[in-house]
Amino acid sequence: MVKSAGIIFLAYLGAALLSFLAAYLLPVSPANAAVAGILVGLAVWPVLAMFGFAHIRTGFRAAMTQVHDMAGIFTGWLIYVMTLSGTLSVFRSEISLWSRPELKEGAVDPVRATTAALSWLGGHAPHALAWYIAPATARAPFTWVSWEEGGLFHQRALDPVTGSSETLRDTVGGDFFYRFHFELQLPYPWGRLLAGIGAVALVFVLLTGLVAHRRIFQDFFTFRPKKGQRSWLDVHNLAGVAALPFHLTIAFTGAVTLATLLMPWAGLARYPDTAAFQNALVPSLSPSAPTGTAGVLAPVAPVLEEASRRLKSEGINQVYVYNPSDSAATIVILGGNKDRIAFDTHVLRFDGKTGKLLADTQETRPAVAAFAVLYGLHIAHFAPSATRWLYFGSGVLLLLVTGSGLRLWIRRRLRRGESRHLVLLERANVGVVAGTPIAFIAFFLANRLLPVALHDRAAREVQIVFAVWGLLVLAALVLPARKAWRIFSILAALALGGVALLSAPWARSVECGVSLVSLFLAGCCVMAFRSLGAADGRV
């Protein structure tokens with residue numbers, strides 16, 4: 001174990017050195033060189049680790065099999081919870097809409113909605129350092145605003161017509177799963193750093209699995225039901241092969257989204273600190289320094305209309321207002337990526353006091369643009385409905401790969417002889433693999449069952465998720481694993497049925513969609529319950 005950790009650490013040092021040297025030596029602009037160095041470091045780290053493990057073990061394939069086996073259990077739980085939350089995040093906007101039954105579906109006027117939101121912020125957070133606005137869209141017909149004030153970060157959903165927050169229930173909606181996916185509900189930077197390590201670990205696990213499986217393409221056409229461990233292995237192989245290119249892409253691009261934390265050395269090769277590097281990546285987003293002199297924002301409607309005209313089919317993705325009550329106020333508007341994969345590559349910058357356009361910037365630096373494409377591939381803002389379903393389905397396959405792999409690892413060792421720590425590990429695995437989905441379902445139930453006027457309601461929703469999760473893990477540690485699997489299966493089915501019922505009266509398509517998906521998954525849970533009962537004598 002110590003030797004394995006040492007190899008991974010030495011591989012990271014080697015990747016960090018190559019990242020630094022690539023950024024330092026490449027004869028291109030500093031930003032291009034730094035980004036290229038980051039991509040080199042992220043790509044090389046798992047490869048160096050693979051060859052390091054092969055060096056201390058006999059036979060490359062045998063070494064990769066052992067490493068895949070070892071890495072799977074130690075990183076499997078982290079990968080599993082990140083994959084589950086990330087899969088749900090594909091429909092972040094739809095979950096946010098479902099979470100607010102007060103809203104109506106349909107087209108909205110983003111200029112009017114953003115103008116109303118800025119007016120609300122002017123009355124409720126006039127002295128904030130910055131305002132951040134996500135304009136209302138047809139998928140998410142509400143304006144999401146956040147602001148910095150007094151050292152704290154606040155956020156709120158606003159009605160797209162009135163700009164008021166009073167008519168909408170206090171909920172984080174789909175943003176809970178989105179932020180959990182890359183922050184794990186931990187303080188900055190630890191959650192993001194851990195998520196980045198999980199993404200690189202997934203790349204490593206997938207690559208070693210690719211080498212370890214001799215008959216990987218034959219396994220794609222092989223499934224033997226009702227064969228106990230053999231069936232579980234077939235599921236593991238089949239789900240792994242079916243979406244392998246997607247899984248590798250989503251793992252690597254996930255690491256890219258957190259690259260400045262994971263591999264900061266390339267940036268430091270060309271810039272004095274990470275903040276300077278971040279500003280160089282998107283200079284148009286850099287906040288202006290306040291003057292300390294009070295100022296009044298120019299009328300924002302003409303600014304937004306000018307932005308809409310310039311952005312055309314891209315649409316407005318984000319609106320930032322720096323120093324809103326200062327004479328040095330700046331309005332920054334980011335174009336969307338409805339018609340391209342690359343993210344945040346078209347930025348407009350306006351003088352907040354006069355409304356005059358200061359800069360219209362489109363990213364043309366090759367390495368930086370490539371970075372934006374990789375980032376955009378991961379978050380999938382460009383994706384139409386059919387593509388989002390493909391993302392969702394591939395995420396479900398990755399859950400099957402991870403969950404079946406964890407079970408296989410434990411069951412294989414239990415067959416060699418039970419021990420107290422293996423029994424506890426098997427039970428804890430039930431708590432994570434079966435308990436996490438139920439805890440996440442509890443978020444949907446809490447959204448509908450908590451009183452609408454409850455103080456700090458959004459925080460209570462999140463607290464319920466973790467309370468349910470903790471209770472389920474404790475229950476799993478007490479119960480025999482097979483019994484816990486069956487109990488959790490039927491509990492998940494009942495909870496999903498509850499979500500479908502609480503979606504009534506199904507007046508909006510999003511409620512019909514959530515109900516249908518919930519009922520389908522509930523049916524899968526019932527089938528799993530019956531299968532587990534029938535397999536008690538065979539597994």
Counting N and O atoms only, with roles assigned by atom type, does the side chain of [X] sit under 3.5 Å from a partner on the main chain of [Y], one being a donor and the other an acceptor?
X: Ser19; Y: Gly37; value: yes
X: Arg388; Y: Ala383; value: yes
X: His154; Y: Ser146; value: no
X: Glu511; Y: Arg508; value: yes
X: Ser89; Y: Tyr178; value: yes
X: His181; Y: Ser85; value: no
X: Arg365; Y: Ser29; value: no
X: Arg192; Y: Pro187; value: no
X: Trp98; Y: Gly173; value: no
X: Arg448; Y: Leu502; value: yes

Side chains of Leu297 and Val321 in contact at under 4.5 Å (non-hydrogen atoms)
yes

Would you indicate whether the side-chain heavy atoms of Glu149 and Leu129 approach each other to under 4.5 Å?
no

Between [X] and [Y], what is the shortest heavy-atom contact and its length?
X: Leu397; Y: Ala242; result: CD1-CB, 4.0 Å
X: Leu48; Y: Gly14; result: CD1-C, 3.9 Å
X: Ala442; Y: Val468; result: CB-CG2, 4.0 Å
X: Ser518; Y: Val499; result: OG-CG1, 3.5 Å
X: Phe252; Y: Leu42; result: CE1-CB, 3.8 Å
X: Pro141; Y: Val108; result: CB-CG1, 3.8 Å

If you round to the nearest 0.5 Å, how far is [atom2] of [Y] from [atom1] of [X]?
X: Ile38; Y: Leu281; atom1: CD1; atom2: CG; answer: 7.0 Å
X: Leu399; Y: Met82; atom1: CG; atom2: CE; answer: 12.0 Å
X: His381; Y: Phe343; atom1: NE2; atom2: CZ; answer: 5.5 Å
X: Ile316; Y: Ile333; atom1: CD1; atom2: CD1; answer: 5.0 Å
X: Ile331; Y: Asp351; atom1: CD1; atom2: CG; answer: 8.5 Å
X: Ser93; Y: Arg139; atom1: OG; atom2: CZ; answer: 4.0 Å

For atom CZ of Phe246, is the number of surrounding heavy atoms from other residues, nucleotides or ligands below 6.0 Å larger than 12?
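For Phe246, atom CZ is crowded (more than 12 foreign heavy atoms under 6.0 Å).
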
Over 12 non-hydrogen atoms of neighbours within 6.0 angstrom of CH2 in Trp190:
no

Evaluate the side chain to side chain contact (heavy atoms under 4.5 Å, CB included) criterion for residues Arg156 and Leu168: first the C-alpha distance (whole Å), next the side-chain angles of each, then the deciding distance (0.1 Å), finally the verdict.
CA-CA 10 Å; Arg156 196 70 58 85; Leu168 303 182; over 6 Å; no

Quick check with a 6.0 Å cut-off and a 45 degree axis cone: is Arg100 positioned over the face of Phe142's six-membered ring?
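So Arg100 does make the cation-pi contact.
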
Measure up the Phe466 and Trp469 rings against each other and bin them: parallel (under 30°), tilted (30 to 60°), perpendicular (over 60°).
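Geometry flag for Trp469 against Phe466: tilted rings.
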
Which side-chain N or O atoms in residues 111-122 pair as donor and acceptor under 3.5 Å with protein atoms at least two apart or in another chain?
residue: Thr114; atom: OG1; partner: Pro110; partner atom: O; Å: 2.6
residue: Thr115; atom: OG1; partner: Val111; partner atom: O; Å: 2.7
residue: Trp120; atom: NE1; partner: His124; partner atom: ND1; Å: 3.4

Listing request: all side chain to side chain donor-acceptor pair (under 3.5 Å) pairs with a residue in residues 247-256, at least two apart in sequence or in separate chains.
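Found Thr253-His378.
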
Run the numbers on Gln362 and Thr345 for side chain to side chain donor-acceptor pair (under 3.5 Å), then give the verdict.
CA-CA 6 Å; Gln362 298 195 51; Thr345 54; over 6 Å; no

Mind checking side chain to side chain contact (heavy atoms under 4.5 Å, CB included) for Leu17 and listing every partner two or more places apart, or none if nothing turns up?
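For Leu17, the residues satisfying side chain to side chain contact (heavy atoms under 4.5 Å, CB included) (neighbours in sequence not counted) are Leu21.
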
N/O donor-acceptor pairs under 3.5 Å from side chains in residues 389-396, not counting sequence neighbours:
residue: Tyr391; atom: OH; partner: Leu377; partner atom: O; Å: 2.5
residue: Ser394; atom: OG; partner: Leu390; partner atom: O; Å: 2.9

So, do [X] and [Y] have ring centers that fall under 6.0 Å from each other?
X: Phe440; Y: Phe444; answer: no
X: Phe177; Y: Phe443; answer: yes
X: Trp147; Y: Phe153; answer: no
X: Tyr375; Y: Phe382; answer: no

Audit row: Asn429, Trp77, side chain to side chain donor-acceptor pair (under 3.5 Å) steps and yes/no:
CA-CA 8 Å; Asn429 188 56; Trp77 288 347; 2.9 Å; yes

Could you tell me whether the side chains of Tyr132 and Glu148 share a donor-acceptor contact shorter than 3.5 Å?
yes

Regarding Ser164 and Asp159, is there a side-chain donor-to-acceptor distance under 3.5 Å anywhere?
no

Under 3.5 Å, sequence neighbours excluded: what are the donor-acceptor pairs made by side chains of residues 256-267?
residue: Thr257; atom: OG1; partner: Gly254; partner atom: O; Å: 2.6
residue: Thr260; atom: OG1; partner: Gln278; partner atom: NE2; Å: 3.2
residue: Trp265; atom: NE1; partner: Tyr12; partner atom: OH; Å: 2.8

Worked check of side chain to side chain contact (heavy atoms under 4.5 Å, CB included) between Thr402 and Leu400:
CA-CA 6 Å; Thr402 310; Leu400 287 174; over 6 Å; no

Let's go through Leu334 and Val282 carefully: what are the C-alpha distance in whole Å and the side-chain angles of both, what is the deciding distance for side chain to side chain contact (heavy atoms under 4.5 Å, CB included) to 0.1 Å, and is it a yes or a no?
CA-CA 11 Å; Leu334 288 70; Val282 192; over 6 Å; no

Pair Glu314-His346, side chain to side chain donor-acceptor pair (under 3.5 Å): steps then yes or no
CA-CA 9 Å; Glu314 299 173 49; His346 192 176; 2.9 Å; yes

So, applying side-chain hydrogen bond (donor to acceptor under 3.5 Å, both in side chains) with Ser284, which one of Asp360, Asn279, Thr361 is it?
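Passing option: Thr361.
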
Sequence-distant partners of Asp175, salt bridge (Lys or Arg N to Asp or Glu O under 4.0 Å), two or more places apart:
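Once residues adjacent in sequence are excluded, the partners of Asp175 under the salt bridge (Lys or Arg N to Asp or Glu O under 4.0 Å) criterion are Arg92.
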
Evaluate the salt bridge (charged side-chain N to carboxylate O under 4.0 Å, His left out) criterion for residues Glu461 and Arg457: first the C-alpha distance (whole Å), next the side-chain angles of each, then the deciding distance (0.1 Å), finally the verdict.
CA-CA 6 Å; Glu461 290 177 342; Arg457 189 177 183 278; 3.1 Å; yes

Stepwise side chain to side chain contact (heavy atoms under 4.5 Å, CB included) test for Val332 and Leu348:
CA-CA 6 Å; Val332 176; Leu348 305 176; over 6 Å; no

